[in-house]
There are 2 protein chains.
Amino acid sequence: MSKVYKALADPTRRKVLQLLRERDMNAGELAEHFDFAKPTLSRHFAVLQEADLIQGTKLGNQIIYRLNVSVLEEALLGMLEMFKISGSSEQAMAQDGNGRAL
Amino acid sequence: MSKVYKALADPTRRKVLQLLRERDMNAGELAEHFDFAKPTLSRHFAVLQEADLIQGTKLGNQIIYRLNVSVLEEALLGMLEMFKISGSSEQAMAQDGNGRAL
DNA sequence: TTTGTATTTAGCTAAATAGCTAAACATCAT
DNA sequence: ATGATGTTTAGCTATTTAGCTAAATACAAA
């Protein structure tokens with residue numbers, strides 16, 4: 001699961017996720033949004049796939065990448081949980097005098 | 001701001017944040033929770049400080065570390081925003097047929 | 001002022017990372 | 001079969017990172 005955090009630590013990969021949030025795209029389309037060489041981006045896609053954040057499907061000539069929304073969601077909400085920050089729960093967050101959740 | 005993501009990518013540093021969520025601690029106390037050499041941890045504290053996630057205050061002999069709750073909160077909620085995942089907003093998330101937020 | 005305690009800085013090594021180019025692979029079109 | 005297109009793999013380099021030990025710094029206590 002730590003792979004997810006590592007994957008999210010890179011700005012290029014975060015941008016890839018943002019792009020895929022809007023619609024599925026193939027590697028080439030994604031690459032158009034960056035100034036890096038194709039193999040560099042290919043590696044980024046692989047990292048995201050290893051973290052299960054995206055999923056690639058071969059379609060003829062190309063590979064369509066799709067965002068794995070649930071995994072991303074769970075990762076981020078899990079992070080909120082980990083630090084006991086409100087976010088996922090409806091009830092107002094109880095706090096002590098130092099701004100810490102109880 | 002990307003320093004925050006990098007800082008969060010390391011499991012040791014995440015554990016430090018979790019420990020500090022409960023109470024302020026000095027470097028030595030924190031170090032007791034890990035098997036690494038002191039200088040290694042000192043470096044981790046520095047990374048967290050550079051990301052403004054924690055703040056160290058010299059108190060006589062020692063340095064008391066304190067979690068910067070607001071920065072951590074904003075970082076995580078900002079991440080949810082970035083990917084347009086519910087979390088911070090009250091209204092239920094609208095979704096299309098593919099599980100994507102609209 | 002000397003000794004002890006807490007922490008960091010300096011300097012090293014090994015491993016991981018992000019970038020590149022060139023080459024390979026797979027599929028489509030001719 | 002040949003060539004064109006889309007994508008990855010192989011292999012390289014430079015940078016960053018996490019770990020270590022030893023030494024330096026800062027303060028407290030005696």
Side-chain angles (χ1 to χ4, degrees), chain A residues 1-20 22-68 75 79 82, chain B residues 1-20 22-68 75 79 82:
Chain A
M1 181 57 82
S2 195
K3 279 186 182 177
V4 175
Y5 297 116
K6 288 282 189 71
L8 290 172
D10 184 276
T12 300
R13 288 193 289 263
R14 287 197 300 274
K15 188 170 171 189
V16 168
L17 295 178
Q18 280 188 290
L19 289 168
L20 290 180
E22 303 188 351
R23 64 181 180 83
D24 299 350
M25 295 177 75
N26 58 47
E29 285 175 309
L30 283 170
E32 283 170 14
H33 293 79
F34 300 89
D35 263 350
F36 300 119
K38 298 283 182 69
T40 297
L41 289 166
S42 181
R43 181 77 200 113
H44 281 304
F45 303 154
V47 170
L48 288 168
Q49 256 192 126
E50 282 157 27
D52 203 30
L53 283 166
I54 69 176
Q55 192 192 331
T57 312
K58 214 168 192 172
L59 185 71
N61 217 5
Q62 49 208 27
I63 298 182
I64 312 290
Y65 283 108
R66 184 191 198 293
L67 179 64
N68 226 333
M79 217 150 170
M82 162 178 243
Chain B
M1 180 59 81
S2 194
K3 280 186 182 178
V4 175
Y5 297 115
K6 288 284 189 70
L8 290 172
D10 183 276
T12 300
R13 289 191 290 262
R14 286 198 300 274
K15 189 170 170 188
V16 169
L17 294 178
Q18 280 189 289
L19 288 168
L20 290 181
E22 304 189 351
R23 63 180 182 85
D24 299 350
M25 294 177 75
N26 59 47
E29 286 176 309
L30 283 170
E32 282 171 13
H33 293 81
F34 300 89
D35 263 350
F36 300 122
K38 299 282 183 67
T40 298
L41 290 166
S42 180
R43 180 76 201 114
H44 281 303
F45 303 153
V47 170
L48 288 169
Q49 254 190 132
E50 281 157 26
D52 202 32
L53 283 166
I54 69 176
Q55 191 194 329
T57 310
K58 214 167 192 172
L59 184 72
N61 217 5
Q62 50 208 28
I63 298 182
I64 311 291
Y65 283 108
R66 185 187 197 294
L67 180 63
N68 226 332
M79 217 153 172
M82 161 178 245

- Item | Distance, rounded to the nearest Å, where A:F36 contributes CZ and D:dT7 contributes P | 18 Å
- Just by distance, do the side chain of B:R14 and the backbone of B:A9 share a donor-acceptor pair under 3.5 Å? yes
- Item | Backbone of B:K6 reached by a side-chain donor or acceptor of B:R13 within 3.5 Å | yes
- Query: Between B:R23 and B:E29, is there a side-chain N and carboxylate O pair less than 4.0 Å apart?
  - Reply: yes
- Task: Look at the side-chain N and O atoms of A:H44 and state whether any lies under 4.0 Å from the OP1 or OP2 oxygen of C:dT17.
- Result: no
- Task: Could you pick out which residue, A:T12 or A:K58, lies toward the 5' side of DNA chain C when each is mapped onto its nearest nucleotide?
- Result: A:T12
- Query: Closest nucleotide of DNA chain C for A:V47 versus for A:L59: which of these residues is on the 5' side?
  - Reply: A:V47
- Message: Return a single string for nucleotides 2-16 of chain C, one symbol per nucleotide in 5' to 3' order, where B is base contact, S is sugar-phosphate-only contact and - is none, cutoff 4.0 angstrom on heavy atoms.
- Response: ---BSSBB-------
- Item | Side chain proximity check, B:T12 to B:T40, heavy atoms < 4.5 angstrom | no
- When you measure from the side chain of A:Q62 to the backbone N and O of A:L59, does any donor-acceptor pair fall under 3.5 Å? no
- Message: With heavy-atom distances below 4.5 Å as the criterion, would you say the side chains of A:L19 and A:Y65 are in contact?
- Response: no
